[in-house]
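Data first, discussion second: the structure below is written as structure tokens.
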Amino acid sequence: MKKLIAGFVLLAVVAVAILGAWWWFDVRQRPKVITKNQAEIARLLETAGWVSPGRTGPRLYMVSYRDCAGCEQFRVDNFADLHEAQVDTRVIVIARTDLNGQARSTPAERATVAELWIGRSWPLYERWTAEAAATWTAVGIAPVEGDMARTAVIEAGRGLEDRLTPLLKANGAAFDYPVLVWWSADGQMKTCACTTKASAKALRRDLGVQ
């Protein structure tokens, strides 16, 4: 009897592990249709300091931070094709809040984020992402430290995460970098992190990219 019980326990543990992995690597990544708080989410994204290449087609918002591996991979894998299809990739970069007294951004990163929000320069974003984050020194860009206006811009970016998190959660979506938001051809507002090939493929299909 003890062996039978142990066998059932083992099977249950394995089943839970399989379901957990399936949820983490598949279900969690699938695009979610946003049906609640649509206007508020759209307003927050539209009024943030995004930069874009100025394409004339569908909008795709991406909320990211500089060292986000998933964000960089999505950019490298998809931006060229999206731009060719006239998708306007509107990138919102934030400098993350410190955690447990430890800074999660550098002075150069904060300076660049503030400049992107204020100057809205896509060429600056391209120069920044073309260079390794560790070697970027933000030459010629005004620092945030000691500048109340630029500090307020950084805090506005950090506040965006705080405000979007519950709005996305209400739609069954987690705030998970990158946050991608777009509208499909039939007008549905959707979101996902899209760091798997299947989820990125669904996004591309919605935006007319094969």
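Keep in mind that the numbers below use all heavy atoms, side chains included, and drop hydrogens, waters and symmetry copies. All values derive from a computational prediction rather than experimental measurement.
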Approximate separation, where rounding is to 0.5 Å, of [X] [atom1] and [Y] [atom2]:
X	Y	atom1	atom2	answer
Leu207	Arg59	CG	CZ	11.0 Å
Asp176	Leu168	CG	CG	10.5 Å
Lys169	Lys32	NZ	NZ	14.0 Å
Met62	Leu82	CE	CG	10.5 Å
Thr97	Glu161	OG1	CD	6.5 Å

Quiz item: So which pairs with a foot in residues 81-109 pass ring-ring contact (aromatic ring centres under 6.0 Å, His included), sequence neighbours left out?
Solution: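 Sorted pair list: Phe79-His83, His83-Trp122.
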Self-check item: Pair listing, ring-ring contact (aromatic ring centres under 6.0 Å, His included) test, anchored in residues 181-202, at least two apart
Solution: none
Does some side-chain heavy atom of [Y] sit less than 4.5 Å from a side-chain heavy atom of [X]?
X	Y	value
Glu115	Ser121	no
Val91	Val93	yes
Arg75	Thr129	yes
Trp50	Leu45	no
Arg150	Glu145	no
Leu60	Val181	no
Asp88	Thr56	no
Leu124	Ile141	yes

Donor-acceptor contact present, side-chain [X] to main-chain [Y], <3.5 Å:
X	Y	value
Asn171	Leu167	yes
Asp147	Ala149	yes
Arg158	Ala95	yes
Ser199	Thr196	yes

Which heavy atom of [X] sits nearest a heavy atom of [Y], and at what distance?
X	Y	result
Arg204	Asp77	NH1-O, 3.8 Å
Ala138	Ala108	CB-O, 3.8 Å
Ala114	Ile154	N-CD1, 3.9 Å
Leu180	Ala193	CD1-O, 3.3 Å

Quiz item: Stepwise, does the side-chain contact (heavy atoms from CB on, under 4.5 Å) test hold for Val33 with Met189?
Solution: CA-CA 6 Å; Val33 177; Met189 188 180 190; over 6 Å; no
Exercise. Scan for side-chain hydrogen bond (donor to acceptor under 3.5 Å, both in side chains) pairs involving residues 35-46, sequence neighbours excluded, and state none if there are none.
Key: Glu40-Arg43, Glu46-Tyr61, Glu46-Arg90
Quiz item: Could you give all pairs that pass the disulfide bond (SG atoms under 2.5 Å apart) test and reach residues 49-81, with sequence neighbours left out?
Solution: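 For residues 49-81, and leaving out neighbouring residues, the disulfide bond (SG atoms under 2.5 Å apart) pairs sorted by first residue read Cys68-Cys71.
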Self-check item: Test log, rule side-chain contact (heavy atoms from CB on, under 4.5 Å), inputs Asp81 and Val87
Solution: CA-CA 9 Å; Asp81 291 339; Val87 175; over 6 Å; no
Self-check item: Charged N-O contact under 4.0 Å between Asp206 and Lys190
Solution: yes
Self-check item: Exceeds 12 heavy-atom contacts within 6.0 angstrom, atom CG of Asp186
Solution: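 Counting neighbours around CG of Asp186, more than 12 heavy atoms of other residues, nucleotides or ligands fall under 6.0 Å, so yes.
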Quiz item: More than 12 foreign heavy atoms under 6.0 Å from CZ of Arg163: is that the case here?
Solution: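 No, not enclosed.
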Exercise. Decide whether Ser105 and Arg96 meet the rule of one side-chain donor and one side-chain acceptor closer than 3.5 Å.
Key: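 No, because no side-chain N or O of Ser105 sits under 3.5 Å from a partner of the opposite role on Arg96.
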Self-check item: same_hphob_cluster(Ile118, Val51) at 4.5 Å side-chain heavy-atom cutoff
Solution: yes
Practice problem: Apply the test side-chain contact (heavy atoms from CB on, under 4.5 Å) to residues Phe74 and Cys194: give CA-CA distance (whole Å), side-chain angles for both, the deciding distance (0.1 Å), then the verdict. | Solution: CA-CA 8 Å; Phe74 183 87; Cys194 295; 4.3 Å; yes
Self-check item: Contacts of type ring pair (Phe, Tyr, Trp, His ring centres under 6.0 Å), residue Phe175, not counting sequence neighbours
Solution: Tyr177
Self-check item: Which residues share a side chain to side chain contact (heavy atoms under 4.5 Å, CB included) with Glu131, sequence neighbours left out
Solution: Thr135, Trp136
Practice problem: List the steps, then state whether side-chain contact (heavy atoms from CB on, under 4.5 Å) holds for Leu160 with Ile92. | Solution: CA-CA 10 Å; Leu160 180 65; Ile92 303 167; 3.8 Å; yes
